[in-house]
Structures are given as structure tokens and as C-alpha cells.
Number of protein chains: 2
Amino acid sequence: MATQPSSAKNVPWLNTREMKAWRTYIIASRRMLDALDNDLAGLDLTMADYEVLAQLSDAPDRKLRMSELAEIAMISKSRLSHRMKVMEQAGWVRREECPSDRRGFFAVMTDKGFKAIQKAAPTHVDSVRNRFIDHLTAKDQEDLSKIFDRVQAQLRGQFIAEDGPAKSSNKRSTKK
Amino acid sequence: MATQPSSAKNVPWLNTREMKAWRTYIIASRRMLDALDNDLAGLDLTMADYEVLAQLSDAPDRKLRMSELAEIAMISKSRLSHRMKVMEQAGWVRREECPSDRRGFFAVMTDKGFKAIQKAAPTHVDSVRNRFIDHLTAKDQEDLSKIFDRVQAQLRGQFIAEDGPAKSSNKRSTKK
DNA sequence: ATGAAGTGTTTCAACTTTCAACTACCTAGC
DNA sequence: GCTAGGTAGTTGAAAGTTGAAACACTTCAT
């Protein structure tokens, strides 16, 4: 539906090597991500929230425009608004008016939020090491970077070529 | 909390190479998975449902015990029950009593379900190729398999060592 | 000025996910 | 045979997540 990528017919099936790579990658990744989320749960964080907070803590003055934060954290503006409300109540962030553009707001990380993320970081890094990085050689790491740089480049290419705002859109057709 | 992996204190931070590998992998993966889900949306499928159906279609007689299916599709039994209800209404699967253990049920893929997945498969494979596999050399694929085999082996190790039923458990502590 | 477009929030309805029963059955020990 | 305890799977309610659309402002170009 909608510009079927030309080559859609007679797609060559995955051969054994390809299938193995795909399945191994996809399954191990899911398990690992579950595990990481689990490791963070003890700190009342999800990976998604950690990502938002980490981005914020890296930003100059630990503040970013809402839109920009949404973009780099790869979530919709609406979703960010929702999450911010929760994190605001936890006292980790607050909103601040943008003086130069009065439509805009900054998401600002509070000291409490910064302490929270600083406390979470070692646990998370430990997770990432134990569950992933420490099992890779330096060469592996470089290979991986190259591979996923390529993957990402192509995705970006396709998205720019298209129209939509990149986000999903779940069009479960008119089937009940 | 709960057997902190001994080395939890003074965790060495990720160096540049490690950080690059981790971020590139995690971000590109997320984008790619989003894209794949998007590609499937036109066929009224999510990756999760596709996974369930694919497992079923690969099983002998295209049937599996509910528990077993839940396990290999990496979802909880409860969740599978709920999803099955939906897929049953779509006419893709049905439940069948297990004669040898009358507590049990088989999930059975119907012909209609098989046709649906057969129709979806080329699109999905095309997605997987375009967005991932075709950007890897044969060597890349082998490297990837090795890497994620290792990652998975270690995860399994840790899980076996623990008590729970492997599934998350979200213990957001007693805060509010 | 005026209208179009941008920023961010909010409401709403749909959907997903988990949790804690709950039914039904099986197995073992006595 | 009975009973205790375990397993298979379902269920309903509660909680959480999500995106679309409507909204209130503000800015910007004419």
C-alpha cells in the first residue's frame, strides 16, 4: 500500500547465514533490552525515561527546548509532554519559559533530577557493560559501529525521501 | 538491591569506542525496529503479533501448546491469551484442547492465518532486507551472529542463576 | 493588521499490559 | 480414593501508554 518499494515482488528469502544473523540479533537484543529495563526498575526508571534524563543532563545548563528534547530522545512531542508531567511530579525536571520565544518552553533538569541520574548512571553503565559491551572485543565494537552507522544512514535516507513526520502512525485499517 | 553484582562500585565508564558502539547500536536499532513495525502496519500486524504467528507457522502441524508459544515468543501467558483472543477473532488461529493433558490447549494456526502470514512474509522479508540485512556483508553477518550469541549466552546464564520466571516483574519500589 | 505556521499542552478514546484471582486438571503421598 | 499442592490457561479490572486532534498562544511574512 502506498508506493510499494518497487522490488516488493519475488523478494529473495533469507539464506541460512542471513537468517541466523537476523534472528540472533533480534532475539538477543530483545532479551538484553528487557534485562536492562529490569536493572533500571530498581531505581524507578525505564530506559525511555533514562534516555530523556540523560540527554537533558548532557545539554548545556541541563536544559533543552521541549521540541529538541523530543527529537533527540526519539519520542513525539505529545509523549514527551506526558512523561514530563510525571517527571515533574517526581521533582526531577521543571518547565521554564523561553524568554526569546514565548511559545516555547525549556525542559530543565533540577538538582534532584541530576542527583537521581548521577546515582542511576553507575548502575546503568554496569548493566550495559555486563550485559553487552564487555562481551565485545575492541574490533567487535568498531565493526558494530560501522554496521549500525550504515543501517541508520539508509533509514534516514528513506525517511527524508518520504513525506510523513517519521513517526509510526499505526493505521490499523478499517477492520473493526 | 538484591545481589548487587559485586563490582557495582567504581564501574569504569565507557570509553569513546565503547560509547560509540553502544549508542550507535541502540539508536539505529530503535529506529530500524520502528521502521519495521511501520512496514507491517499496512498489513494489520505488529512485530509482536508477527512473531507469534511466525513461530506458530514454523511449528509442526502449525500448532503449539500455549505455554510453549508464550515462551518462545517471549511474552507472558496472560498476554498471549489476550492476543490470541484478538487473532482468533481475525480467524487466524484457534484453540484446540490437548487430549493428553486436559488442562492444556494448543494454539493452532488456521489456513486463513497461514495465508495471512504467507502474504505478509514477503513484505516483511523485504523490510528486513532493505532496512538491515542487505547492508551487511557476509562477514558482518557472521560477526553479528557471534556477538549476539555471546550476549545471549551470558543473559541466559544470569537468568538461570536467578529465581524468577525470567519475566520482568517491574518492582517500582513502594514510592507512592 | 491579518492569516499562516510554529510551539507545546491537553483531552479523549483506544489499546496494551500486568496483576491477582479463578477454574480446571494433574500428580503424589498416604 | 482423598487430599494437598502444583500446573495450564483464562479472565476482568486497574493502570499505564499512546497518538490524534483540538486548543491557546505566539511569531512571522506579507
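Order of the sequence lines fixes the chain letters, A, B, ..., with proteins taken first and strands second; residue numbering starts at 1 for each chain.
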Next on the checklist: Please report the distance, rounded to the nearest Å, between CG in A/Asn38 and P in C/dT18.
Outcome noted: 11 Å
Item to check | Euclidean distance, atom CZ of residue B/Arg83 to atom P of C/dT17 [Å, nearest integer] | outcome: 8 Å
Checklist entry - How would you list all residue pairs meeting side-chain hydrogen bond (donor to acceptor under 3.5 Å, both in side chains) that involve residues 47-59 of chain A, not counting sequence neighbours? => result A/Asp49-A/Arg83, A/Glu51-A/Gln55, A/Glu51-B/Arg23
Checklist entry - Remaining members of A/Val86's ILVMFWY cluster at a side-chain heavy-atom cut-off under 4.5 Å? => result none
Item to check | B/Glu97 CD - C/dT23 C1' separation (whole Å) | outcome: 14 Å
Checklist entry - Can a salt bridge be assigned to the pair B/Arg94 and B/Glu88 using a cut-off of 4.0 Å between side-chain N and carboxylate O? => result no
Item to check | Listed nucleotide nearest any side-chain atom of A/Lys85, set C/dC26, C/dT10, C/dC19 | outcome: C/dT10
Item to check | B/Arg65 CZ - D/dT10 C1' separation (whole Å) | outcome: 14 Å
Checklist entry - B/Ser76 has a side chain; which of C/dT9, C/dT18, D/dA20 sits nearest to it? => result C/dT18
Next on the checklist: Checking contacts here: which listed nucleotide (D/dT18, C/dC25, D/dT10) is nearest the side-chain heavy atoms of B/Arg102?
Outcome noted: C/dC25
I'd like a list of close polar pairs between nucleotides 27-29 of chain C and the protein, N/O only, cut-off under 3.5 Å.
none

Checklist entry - Could you state the CG-C1' distance from B/Asp49 to C/dC15, rounded to the nearest angstrom? => result 12 Å
Item to check | Interatomic distance, B/Gln154 atom CD to A/Met32 atom CE [nearest 0.5 angstrom] | outcome: 9.5 Å
Item to check | Hydrophobic cluster of B/Phe106, others only, ordered by chain and residue number, side-chain cut-off 4.5 Å | outcome: B/Val108
Checklist entry - What is the distance from CG of A/Leu80 to C1' of C/dT10, rounded to the nearest Å? => result 14 Å
Next on the checklist: Reading DNA chain C from 5' onward, which residue's closest nucleotide shows up sooner: A/Phe105 or A/His82?
Outcome noted: A/Phe105
Checklist entry - Can you name the salt bridge (charged side-chain N to carboxylate O under 4.0 Å, His left out) partners of A/Arg129, sequence neighbours left out? => result A/Asp134, B/Glu18
Checklist entry - For the pair made of CZ in B/Arg79 and P in C/dC19, what is the distance, rounded to whole Å? => result 13 Å
Checklist entry - Once you round it to whole Å, what is the distance between C1' of D/dC23 and NZ of A/Lys77? => result 13 Å
Quick one: side chains of residues 115-122 of chain B, donor-acceptor pairs under 3.5 Å with protein atoms, not counting sequence neighbours, listed by atom name and distance.
none

Next on the checklist: Any N or O donor-acceptor pair under 3.5 Å from the base of D/dT11 to the side chain of B/Ser78?
Outcome noted: yes
